[in-house]
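Single-structure report; data block below.
From a predicted model like this one, the values you see are computed outputs, not experimental measurements.
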Amino acid sequence: MAERRGRGASREEAATIRIGHGIDIHPLAEGRRLMLGGMRIPSRQGLVGHSDADVLIHAVCDALLGAAGLPDLGRRFPDTDGKHRGRASIEFLKDVGGEIRRLGFSLINLDAVLLAEAPRLEPHLNGMRRRMAGALGCPLSSIGLKVKRAEGLGSIGRAEGMMAQVVALLGPADLGGSHRRLGGRRKRTAKRSRKDTGRGR
Ligand code: MG
């Protein structure tokens, strides 16, 4: 098969089921906003990075890009490019979702694990899921998310940073994948996520 040089999976490949894996880690610091899954989370500290440092969305994007045979987020939105400074990572996710659809895929599901010591994130899990489902145009049931503590072990356990790991499964859009099935649910997902966060971006 001919090398496609970062253009992603071929039409033939998009007719199959493909898995992707993403991982990301960012340090925490005072004076930064904490953005996770496209939501602002109340916290004394926030993640440090070139964009808004949304570690969860970065790992989701890398899982989706990997499944689609595309280069990772760092190559798609390089941190050497000043125009991405401080950028909301939910925009990256919308872009990646569009790219996946362009290649003929739809998201079957993804499952994400967020490793974080503090603050307590359980109350925000559904809000983050709704935000990400809204950005990807997929049903809420396609987005799995859980949070784990490192029980004081290592840098994550000492609350020096947060880590996210994600696996994602893509299937062919013409099998009636999530973005097609969504139809009338898109509006409701987006509306719910605004209501859930109670604040603008
Ligand atoms: Mg990152």
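At a threshold of 4.5 Å between non-hydrogen side-chain atoms, the residues Leu36 and Leu114 count as touching. Between Met39 and Met35, every side-chain heavy-atom pair lies at or beyond the 4.5 Å cut-off. Inter-residue side-chain proximity for Arg76 and Glu99 is flagged as met; some heavy-atom pair is nearer than 4.5 Å. Here the side chains of Val166 and Asp111 are not in contact, with every heavy-atom distance at 4.5 Å or above. Contact of the Val48 side chain with the His26 side chain is not registered, since no non-hydrogen atoms from C-beta on lie closer than 4.5 Å. The shortest distance between side-chain heavy atoms of Leu34 and Gln45 does not fall below 4.5 Å. In this structure the side chain of Asp62 never reaches within 4.5 angstrom of the side chain of His21, judged on heavy atoms. Looking at heavy atoms from C-beta onward, Leu169 lies out of side-chain contact with Leu110 at the 4.5 angstrom threshold.
Closest approach of Leu65 to Leu73, counting heavy atoms only: CD1-N, 3.6 Å. Summarising the geometry of Gly171 relative to Ile17, their closest heavy-atom pair is CA-CD1, 4.1 Å, with the distance given to 0.1 Å. Counting all heavy atoms, side chain and backbone alike, Phe77 lies closest to Asp95 at CZ-OD2, 3.4 Å. Closest heavy-atom contact between Ala112 and Leu56: CB-CD1, 3.8 Å. Contact detail for Ile100 and Ala68: the closest heavy-atom pair is CG1-CB, 4.4 Å. Residues Pro42 and Pro119 share a closest heavy-atom pair of O-CG, 3.8 Å.
Looking only at distances, a side-chain donor or acceptor of Glu117 sits under 3.5 Å from a matching main-chain atom of Ala150. For the pair Asp54 (side chain) and Gly37 (backbone), a donor-acceptor distance under 3.5 Å is present.
Salt bridge annotation for Lys94-Glu91: absent, with no cationic side-chain nitrogen under 4.0 angstrom from a carboxylate oxygen.
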Derivation and outcome, side-chain contact (heavy atoms from CB on, under 4.5 Å), residues Cys138 and Ile143: CA-CA 8 Å; Cys138 72; Ile143 310 287; 3.7 Å; yes

side-chain contact (heavy atoms from CB on, under 4.5 Å) evaluation trace for Leu170 with Ile108: CA-CA 5 Å; Leu170 300 184; Ile108 295 174; 6.0 Å; no

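With a 6.0 Å radius and a threshold of 12 heavy atoms from other residues, nucleotides or ligands, Lys146 has its NZ atom above the threshold.
Judged purely by distance below 3.5 Å, without hydrogens or angles, the side chains of Ser89 and Asp52 pair a donor atom with an acceptor atom.
Partner of Asn126 under the side chain to side chain donor-acceptor pair (under 3.5 Å) criterion, out of Arg129, His124, Arg130: Arg129 alone.
The OG atom of Ser106 lies 11.0 Å from the CG atom of Leu136; values are rounded to the nearest 0.5 Å. The distance from atom CG of Leu47 to atom CE of Met163, rounded to the nearest 0.5 Å, is 12.0 Å.
Hydrophobic cluster membership is shared by Ile90 and Leu125, with clusters built from Ile, Leu, Val, Met, Phe, Trp and Tyr side chains linked at under 4.5 angstrom. Hydrophobic clustering of Ile, Leu, Val, Met, Phe, Trp and Tyr side chains at less than 4.5 Å, counting indirect connections, keeps Val167 apart from Met132.
By the 30° and 60° cut-offs, the orientation of the rings of Phe92 relative to His58 is tilted.
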Listed pairs under 3.5 Å, donor-acceptor, residues 151-162 side chains, sequence neighbours left out:
unit_1 : atom_1 : unit_2 : atom_2 : d
Arg158 : NE     : Glu160 : OE2    : 2.8

